[in-house]
> 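Let me begin by handing over the structure; questions about it come next.
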2 protein chains.
Amino acid sequence: MEIEQLRYFKTVATMQHMTRAAEVLSISQPALSKSIANIEQHLGVPLFNREGRSIYLNRFGETFLQSVNVILDEYERVKEEFEDIVRPGSGEVSFGFIHTLGTEVVPELIAATRKRFPNMLFSLTQATSLSLMKRLEEGAIDLCLSQKIASKVIEIETEELFAEELFVVVPNTHPLAHLESITLEAIKGEPFIAIKKGNSLRQLVDEFFLKEGIKLNTTFAAEEMHTVAGFVSAGMGVSLIPNIKGLDNYNVKRLKVDPPCYRSIGVSWAKNRYLPPAATEFKQYLIEYLQDR
Amino acid sequence: MEIEQLRYFKTVATMQHMTRAAEVLSISQPALSKSIANIEQHLGVPLFNREGRSIYLNRFGETFLQSVNVILDEYERVKEEFEDIVRPGSGEVSFGFIHTLGTEVVPELIAATRKRFPNMLFSLTQATSLSLMKRLEEGAIDLCLSQKIASKVIEIETEELFAEELFVVVPNTHPLAHLESITLEAIKGEPFIAIKKGNSLRQLVDEFFLKEGIKLNTTFAAEEMHTVAGFVSAGMGVSLIPNIKGLDNYNVKRLKVDPPCYRSIGVSWAKNRYLPPAATEFKQYLIEYLQDR
DNA sequence: TCATTTTGATTCCTTTTAGTTATCAATGAT
DNA sequence: ATCATTGATAACTAAAAGGAATCAAAATGA
């Protein structure tokens with residue numbers, strides 16, 4: 001039995017008139033008569049009293065109408081929800097980003113996007129690059145702004161947008177604190193405050209030092225960048241991190257690295273996976289907006 | 001889109017396996033694949049992530065599953081309700097009867113029926129013959145036990161079952177109170193307490209006197225039989241009513257009429273109207289049980 | 001690593017059913 | 001009594017659901 005036929009039933013029930021209901025539904029009157037007869041046969045009980053040329057619900061029909069209302073309401077609702085998602089310019093975009101972008105880049109981006117697409121809704125997720133990648137694989141988010149990571153499960157496409165510079169941070173009181181810039185070589189042997197393994201930044205930092213052939217003297221591994229800054233501030237070592245928000249409030253000096261170290265940030269999405277039109281539009285807008293920031 | 005296909009979706013969603021779901025649903029795997037693809041096309045969004053040979057819900061699918069659960073639950077529920085109604089021996093019978101039968105006849109009848117058909121459910125209505133007839137016409141009740149009345153709207157069939165005898169009731173102190181039986185002629189000129197017009201018993205009583213060519217001296221018209229008894233008890237007149245429950249508690253004498261007056265009681269139902277199997281069974285049982293009571 | 005099995009999708013065909021037009025019988029209205 | 005209107009039916013067409021065979025990709029196992 002077609003779901004549409006439930007709507008037919010509802011229309012006949014409320015109009016109490018086959019011919020006019022058929023006109024409203026834009027089908028022929030015989031088709032409607034047969035549809036109703038089919039439903040009655042399916043259910044095994046008549047739904048209408050037919051007296052002469054008048055037709056109206058019997059007590060089974062009244063019961064069924066209650067159920068049909070529940071069913072159609074739910075069906076319409078979910079269909080409309082999907083139509084909203086598919087409608088370009090509106091609809092929900094599920095978007096994730098790494099913590100360092102949460103204070104400036106993303107708020108500005110979203111604000112600008114909402115001016116351009118006032119009806120676009122955002123479902124935002126903040127996480128590490130690695131877990132963002134997992135959310136992409138699951139289809140829980142449409143797009144994410146993070147450090148590029150390859151997935152073993154599905155194909156991920158990435159458009160690189162800008163680079164976050166990494167700085168060597170040392171305690172204010174450190175002998176190196178007066179320098180304008182510094183080589184990685186210069187902190188060889190210094191106690192190093194690292195990010196926990198598994199974080200993609202940790203991997204990147206490790207690669208920078210590996211390239212220079214420097215064996216790090218890692219003393220602590222922290223979960224968060226602010227924890228790292230705290231440890232450095234307390235004189236427990238030095239580190240290599242992006243310019244996080246509020247870094248100046250710590251007792252640390254931020255030194256440019258020579259040659260500079262960058263962490264490349266890009267927008268990623270699952271290849272061969274459905275992207276709602278709103279997400280596609282947002283992606284395009286985001287690329288223009290953040291390109292070479 | 002077929003309602004059945006929603007069940008297909010639910011099965012695939014929970015089994016996360018096309019082939020096995022198809023087996024469970026007793027359809028071919030290609031048919032199932034196509035059904036799912038159709039639903040996705042209808043809704044405009046994909047519902048599953050397909051990675052290699054594995055298939056599982058994406059976030060749209062999760063949303064849709066919620067709705068499908070609501071829809072299928074409601075549909076199953078109402079279908080089962082109708083199946084119960086159609087299942088012989090069980091199911092609900094909507095049954096009406098006039099007030100005078102509510103104290104003995106119907107309780108005994110229902111008790112006996114429930115012994116014979118333990119799963120039969122009753123929805124009982126007590127009303128006047130006239131309004132019972134209206135409920136029959138509307139299809140609000142399946143059967144009723146009442147005085148036979150013709151309907152102008154639809155064809156009503158009636159099987160006559162037994163006769164309620166009507167008695168002349170007079171105040172205890174009335175000169176006629178000592179008689180064993182009485183002719184209608186004998187109360188000619190007495191103040192008469194009638195039932196309100198519209199009540200079918202009133203119509204019957206009127207006919208009895210009309211046949212004898214007696215013009216009644218009606219002083220009051222009451223809604224209920226007990227009110228009539230009350231008026232008679234108060235010495236305000238005489239009347240002609242059935243032997244209602246508790247009549248002996250009034251200060252009245254019940255006199256047999258000569259020749260006797262009867263009110264014929266029968267079971268009525270709407271002709272050409274669907275009678276649930278349970279109602280049909282009940283009707284048959286009722287006829288046997290009450291025949292010539 | 002390569003052959004084998006398994007899985008979901010596709011193609012092509014059949015069957016079912018929804019829908020159309022023409023028509024009918026019954027019902028109301030004039 | 002006549003005539004328009006209504007819901008139902010019949011015969012036919014169109015659409016879509018379902019089945020068998022087959023395919024390509026992906027897991028499995030030697």
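On a predicted model such as this, the values are computed, not experimentally measured, just so you know.
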> Is S33(B) near enough to dG8(C) that one of its side-chain N or O atoms lies under 4.0 angstrom from OP1 or OP2?
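No, no such contact exists.
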> Specify the separation, in whole Å, of atom CD1 of I3(A) and atom C1' of dT17(C).
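That distance rounds to 16 Å.
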> Could you tell me whether Y8(B) contacts a base, only the sugar-phosphate backbone, or nothing, with contacts defined as non-hydrogen atoms closer than 4.0 Å?
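If one applies the 4.0 Å heavy-atom cut-off, Y8(B) turns out to touch the sugar-phosphate alone, with no base involved.
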> Just checking Q126(A): does its CD atom have more than 12 heavy atoms from other residues, nucleotides or ligands closer to it than 6.0 angstrom?
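Atom CD in Q126(A) is packed in, count exceeds 12.
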> How long is the line joining CD of E51(B) and C1' of dA9(C), in whole Å?
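So the two atoms are 17 Å apart, to the nearest Å.
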> What's the spacing between I98(A) CD1 and L201(A) CG if we round to 0.5 Å?
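Output value for this atom pair is 8.0 Å.
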> Taking only residues two or more places apart in sequence or in another chain, which ones pass side chain to side chain donor-acceptor pair (under 3.5 Å) with T128(A)?
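So T128(A) forms a side chain to side chain donor-acceptor pair (under 3.5 Å) with S131(A).
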> What's the angle between the local helix axes at either end of the helix from dT1(C)-dA30(D) to dT30(C)-dA1(D), using five pairs per end and rounding to 10 degrees?
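Rounded value for the end-axis angle: 30°.
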> Does the side chain of T100(B) come under 3.5 Å of the side chain of E164(B) through a donor N or O and an acceptor N or O?
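Yes, because at least one side-chain N or O of T100(B) sits under 3.5 Å from a partner of the opposite role on E164(B).
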> Give the rounded distance in Å between these two atoms: CZ of R50(A) and P of dT27(C).
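Checked: the CZ to P distance equals 15 Å.
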> For DNA chain D, determine which residues of residues 53-63 of chain B have any heavy atom closer than 4.0 angstrom to one of its atoms, and list them numerically.
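Within residues 53-63 of chain B, the residues near DNA chain D are R53(B).
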> Would you say dT17(C) has OP1 or OP2 under 4.0 Å from some side-chain N or O of N38(A)?
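Checking dT17(C) against N38(A), no side-chain N or O comes under 4.0 Å of OP1 or OP2.
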> Heavy-atom nearest nucleotide on DNA chain C for M18(B) versus Q29(A): which residue maps closer to 5'?
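Nearest nucleotide further toward 5': that of M18(B).
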> Take atom NE2 of H42(A) and atom C1' of dT16(C), then tell me their distance rounded to the nearest Å.
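Going from H42(A) (NE2) to dT16(C) (C1'), I get 11 Å.
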> Can you measure E2(B) atom CD to dT16(C) atom P for me and round it to whole angstrom units?
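That distance rounds to 14 Å.
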> Distance check, rounded to the nearest 0.5 Å: E281(B) atom CD versus L286(B) atom CG?
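Rounded to the nearest 0.5 Å, the CD-CG separation comes out at 13.0 Å.
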> When the distance from CG of L32(B) to P of dT7(C) is rounded to whole Å, what number comes out?
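In whole Å, dT7(C) P lies 14 Å from L32(B) CG.
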> Determine whether a donor-acceptor pair (N or O, by modelled atom type, separation under 3.5 Å) exists between the side chain of E40(A) and the backbone of L47(A).
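Side chain of E40(A) to backbone of L47(A), a donor-acceptor pair under 3.5 Å: yes, one is there.
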> Can a salt bridge be assigned to the pair R77(A) and E74(A) using a cut-off of 4.0 Å between side-chain N and carboxylate O?
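Salt bridge between R77(A) and E74(A), a charged N being under 4.0 Å from a carboxylate O: yes.
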> If every non-hydrogen atom of V106(B) is compared with every non-hydrogen atom of F95(B), which pair is closest and at what distance?
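Of all heavy-atom pairs spanning V106(B) and F95(B), the closest is CG1-CE2, 4.3 Å.
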> Grab the NZ-C1' distance between K34(A) and dT20(C) for me, whole Å please.
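Checked: the NZ to C1' distance equals 9 Å.
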> Listed by chain and number, what are the side chain to side chain contact (heavy atoms under 4.5 Å, CB included) partners of A21(A), not counting sequence neighbours?
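Applying side chain to side chain contact (heavy atoms under 4.5 Å, CB included) to A21(A) gives T11(A), V12(A), M15(A), L32(A).
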> For the side chain of S28(A), starting at C-beta, report the closest nucleotide among dG19(C), dT20(C), dA9(C).
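Output: dT20(C).
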> Any carboxylate oxygen within less than 4.0 angstrom of a Lys/Arg side-chain nitrogen, looking at R273(B) and E157(B)?
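No, no charged N to carboxylate O under 4.0 Å.
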> Which is the 5'-most and which the 3'-most nucleotide of DNA chain D that has an atom under 4.0 Å from a heavy atom of chain B?
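Taking any atom under 4.0 Å from a heavy atom of chain B, the span is dA17(D) to dA27(D).
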> Once you round it to whole Å, what is the distance between C1' of dT15(C) and CD1 of I27(B)?
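About 15 Å, once rounded to whole Å.
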> Does this structure show an ion pair linking E76(B) with R7(B), if we count only N-O contacts that are shorter than 4.0 Å?
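Between R7(B) and E76(B) there is a salt bridge, with a charged N closer than 4.0 Å to a carboxylate O.
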> Anything under 3.5 Å between a donor and an acceptor, one on a side chain of residues 137-146 of chain A, the other on a protein residue two or more places apart or in another chain? List them.
from    : atom 1 : to      : atom 2 : distance (Å)
E137(A) : OE2    : S151(A) : OG     : 2.5
D142(A) : OD1    : R59(B)  : NH2    : 2.1
D142(A) : OD2    : S94(A)  : N      : 3.0
D142(A) : OD2    : R59(B)  : NH2    : 2.7

